Amino acid sequence: MTNITLPDGKIIKFEKPVNGSEVAEKISKSLAKQALVMSVNGELKDLYHIIKEDSSVKIFTAQDPEGLEVIRHDAAHIMAMAVQELYPGTQVTIGPVIENGFYYDFARKEPFTSEDLNKIEKRMSEIVDKDVKVRREVWEREKAISHFKKIGEKYKAEIIESIPKNEELTIYHHGDTWYDLCRGPHLLSSGKIGKAFKLMKVSGAYWRGDSNNEMLQRIYGTGWANKKDLDKYLERLEEAEKRDHRKLGKEMDLFHFREESPGSVFWHERGWSLFQKLIDYMRLRQRKAGYKEINTPEILDRSLWEKSGHWEKFGEHMYTSTTPDEKIFAIKPMNCPGCVQVFNQGLKSYRDLPLKMSEFGKVHRYEPSGALHGLMRVRAFTQDDAHIFCTEDQITSESLSVTNLILDIYKNLGFSDVILKYSDRPEVRVGDDKVWDKSEAALLEAVKATKLEYSINKGEGAFYGPKIEFVLRDAIGRDWQCGTLQVDLNLPERLGASYVDKDGSKKVPVMLHRALFGSLERFIGILIENYAGKLPFWISPLQVVVIPVSDDFDDYAKKVSNEINDKGINCIVDLKSHNLNYKIREHSLSKIPVLLICGKKEVDSNSVTIRKLDNNKQENMKLDKFLEQYTALSQAPSN
RNA sequence: GCCCUUGUAGCUCAGCUGGUAGAGCAAUUGAUUUGUAAUCAAUAGGUCCGCGGUUCGAAUCCGUGCGGGGGCACCA
């Protein structure tokens with residue numbers, strides 16, 4: 001007698017041990033058809049696994065995350081099978097499930113081409129049509145190792161050797177000819193994965209993720225429960241491509257890159273205007289929050305970087321500069337040492353703390369060439385940096401006010417979906433454990449106070465202190481890590497910072513590093529992609545274009561444009577001899593939020609006709625009213 | 001940095017197996033004076049990323065350097 005408890009608590013009694021398919025069959029015919037895998041007492045199992053004891057069982061279909069995961073996993077295997085059938089001699093390594101799909105890493109001399117990808121995909125489809133059976137076997141360790149070595153699969157043999165001795169080795173057969181070492185579970189047969197998969201791209205990947213190892217070829221695929229989900233995913237990719245800030249940056253005439261300075265931005269007028277608006281906004285907010293803005297040199301003597309520890313730890317990412325008299329300077333990769341030097345000027349009292357110093361500092365980091373990516377990863381960027389010097393007792397309150405400021409500014413820029421990542425002490429660290437206790441507790445308290453979703457990354461903190469990272473979720477669901485708040489228990493001491501405490505003794509202050517955008521450049525990239533280029537009116541670089549219907553109205557259009565500019569709104573007038581349709585199209589494509597049409601009607605009534613981006617409903621308004629309304633709209637949100 | 005891929009007019013791209021470049025848009029000029037997403041015509045525009053090689057001859061083939069893209073590794 002085997003009692004099977006279902007998720008709803010119902011118990012089904014079987015005369016003999018049963019497998020998952022039989023359980024599903026008993027529940028309903030349709031479930032039996034859709035069943036992919038099951039869990040037995042919480043453990044995922046193949047459907048043909050025989051349940052000998054009373055257990056609680058749950059059957060999963062493609063609608064469950066567990067089912068979808070197995071579909072992707074099987075797709076990876078079937079891909080490997082197809083590859084080995086088509087390209088004998090190719091070695092298999094690993095092939096896990098990832099977000100939205102799967103990949104498999106292969107060792108093969110010749111590179112896979114995109115044509116190969118088509119062939120592989122076709123062969124996969126054939127294997128699905130053949131509906132080959134999948135079966136699990138347990139192998140002897142030694143047998144497995146010698147077997148895989150014999151057939152030339154040295155990577156598989158290596159994987160087996162690294163599996164702990166007490167673990168069972170399972171081999172999955174797909175049909176009669178192909179098999180792979182795998183933990184499972186898998187589907188009953190290849191037909192179950194369906195056809196909602198697609199091979200996406202080939203790339204290089206290091207064996208075991210280590211750049212000292214040889215490079216393998218990774219084929220990425222995406223896999224879904226049905227065709228509709230696959231199409232939805234492909235559409236999402238397309239949408240992301242449309243929003244690509246590199247493409248929009250060109251169309252909107254914001255910036256460009258060029259060979260003479262890879263990874264550094266050439267800002268055009270409009271892009272720079274956007275850049276400055278963000279800085280203006282930050283200045284406004286920071287002044288209200290009690291920050292003092294400073295500025296420190298871009299180039300500093302090597303000795304300072306040696307003292308701060310950067311020279312040793314991060315030297316390979318630093319640009320250096322040798323003067324004609326052979327002195328070595330470093331171009332700053334971070335603002336903190338310079339800021340501490342400002343703090344060090346003059347005697348500081350405990351009454352001066354907390355002292356908040358902000359700096360829009362341009363830093364240079366020699367990033368590996370392969371890491372560069374538009375505005376998102378550059379070699380020269382501007383941080384909206386600030387350092388807060390405070391006492392240990394002030395860490396909590398300062399952290400709280402930093403988090404509040406950060407979240408509020410994000411919200412005003414259109415990001416209200418924020419996740420926090422909290423990282424505590426790593427194994428290798430500096431500083432007293434008691435101070436670590438204090439700063440960790442302080443930061444965690446700040447995290448909890450936000451009431452936002454957060455994750456704890458154990459041991460991921462910097463060697464000099466714990467940290468919080470702020471992750472933004474954009475309009476199409478992508479996450480971007482931007483802001484950071486870090487406690488530093490190291491640098492002030494290294495650079496000899498101190499203040500005079502109540503009792504007259506000298507003490508070393510705690511320093512908090514914080515940035516909201518992290519990198520202005522990168523944040524602008526994120527803003528562009530979040531809004532698909534359609535930035536809110538107040539932050540748009542060129543806000544209004546005035547278009548006369550014909551050149552009879554040029555003078556009026558010029559007058560309107562001047563009055564708008566006088567209000568501090570960025571506005572131009574388009575007097576080219578193109579027709580109205582042409583101009584509307586041109587300015588819409590470059591994402592100008594407001595177009596004003598001026599013709600006879602407008603001149604007669606001293607008004608403008610407003611056409612907003614993506615909204616061809618027109619609205620006529622008296623010029624005075626327009627000026628009043630849009631001057632207000634053009635203000636940065638503040639509180 | 002590593003693997004794959006790619007580099008032709010301001011932009012987007014065509015140019016098959018080697019015979020020294022072509023389109024659309026943009027620009028300029030002229031005509032047109034237009035009421036909500038491309039008016040018409042003419043003109044001009046190119047060390048085919050750099051360097052080297054093969055060849056009678058290279059945008060095309062080979063080598064190398066630089067840049068871009070997709071990943072991997074990196075991201076203080």
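Letters A, B, ... mirror the listed sequences (proteins, then strands); counts begin at 1. All values reported here derive from a predicted model rather than from experimental measurement.
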*Checking all strands, does A:P368 fall into the base, sugar-phosphate, or nothing category for heavy-atom contacts under 4.0 angstrom?*
base
*Across the strands shown, which category fits A:S577 at heavy-atom distances under 4.0 angstrom: base, sugar-phosphate, nothing?*
base
*Hey, does A:R377 reach any base, or is it just sugar-phosphate, or nothing, if we go heavy atoms under 4.0 Å?*
base
*Verify the contact: side-chain N or O of A:N581 to OP1 or OP2 of B:U36, cut-off strictly under 4.0 Å; return yes or no.*
no
Name the atoms and distances for all side-chain donor-acceptor pairs under 3.5 Å in residues 369-379 of chain A, with sequence neighbours left out.
| unit_1 | atom_1 | unit_2 | atom_2 | d |
| --- | --- | --- | --- | --- |
| A:R377 | NH2 | A:E367 | OE1 | 2.8 |
| A:R379 | NE | A:E367 | O | 2.9 |
| A:R379 | NH2 | A:E367 | O | 2.8 |

*Is it true that A:K421 and A:E460 make a salt bridge, defined as a side-chain N closer than 4.0 Å to a carboxylate O?*
no
*Reckon A:I547 touches a base, only the sugar-phosphate, or nothing at all at heavy-atom distances under 4.0 Å?*
nothing
*At under 4.0 Å between heavy atoms, what does A:H373 touch on the DNA or RNA strands: base, sugar-phosphate, or nothing?*
sugar-phosphate
*Would you mind reading off the distance between A:D614 atom CG and B:U36 atom P, rounded to a whole angstrom?*
18 Å
*asked:* If I pick the P atom on B:G69 and the same atom on B:U12, what distance separates them, to the nearest angstrom?
replied: 13 Å
_Ring-face cation of A:R218 near A:Y103 (centre distance under 6.0 Å, axis angle within 45°)_ = yes
*To the nearest angstrom, how far is A:D552 atom CG from B:U32 atom P?*
14 Å
*Are A:K250 and B:U12 close enough that a side-chain N or O sits under 4.0 Å from OP1 or OP2?*
yes
I'd like a list of close polar pairs between nucleotides 5-7 of chain B and the protein, N/O only, cut-off under 3.5 Å.
none

_What contact category does A:K600 fall into here, base, sugar-phosphate, or nothing, at under 4.0 angstrom with non-hydrogen atoms?_
base
*Looking across every strand, which nucleic acid part, if any, lies under 4.0 Å from A:K313 by heavy atom: base, sugar-phosphate, or nothing?*
nothing
*Would you please confirm or rule out a distance under 4.0 Å between OP1 or OP2 of B:C72 and any side-chain N or O of A:Y220?*
yes
*So do A:Y155 and A:D105 actually touch side chain to side chain, heavy atoms under 4.5 Å?*
no
*A:N581 and A:N579: side-chain donor and acceptor closer than 3.5 Å?*
no
*When we call it a touch if two heavy atoms are under 4.0 Å apart, what does A:Y206 touch: a base, just sugar-phosphate, or nothing?*
base
*Using atom CZ of A:F553 as one end and atom P of B:U34 as the other, report the distance to the nearest whole Å.*
8 Å
*asked:* With a 4.5 Å cut-off on side-chain heavy atoms, are A:F112 and A:I219 touching?
replied: yes
*asked:* Within the 4.0 Å heavy-atom criterion, would you say A:Y103 contacts the bases, only the backbone, or no part of the nucleic acid?
replied: nothing
*Rounded to whole angstrom units, what separation is found between the CD1 atom of A:I584 and the C1' atom of B:U39?*
15 Å
*asked:* So A:E602, base contact, sugar-phosphate only, or nothing? Heavy-atom distance under 4.0 Å.
replied: base
*salt bridge (charged side-chain N to carboxylate O under 4.0 Å, His left out) with A:E214: which of A:K109, A:R208, A:K154?*
A:K154
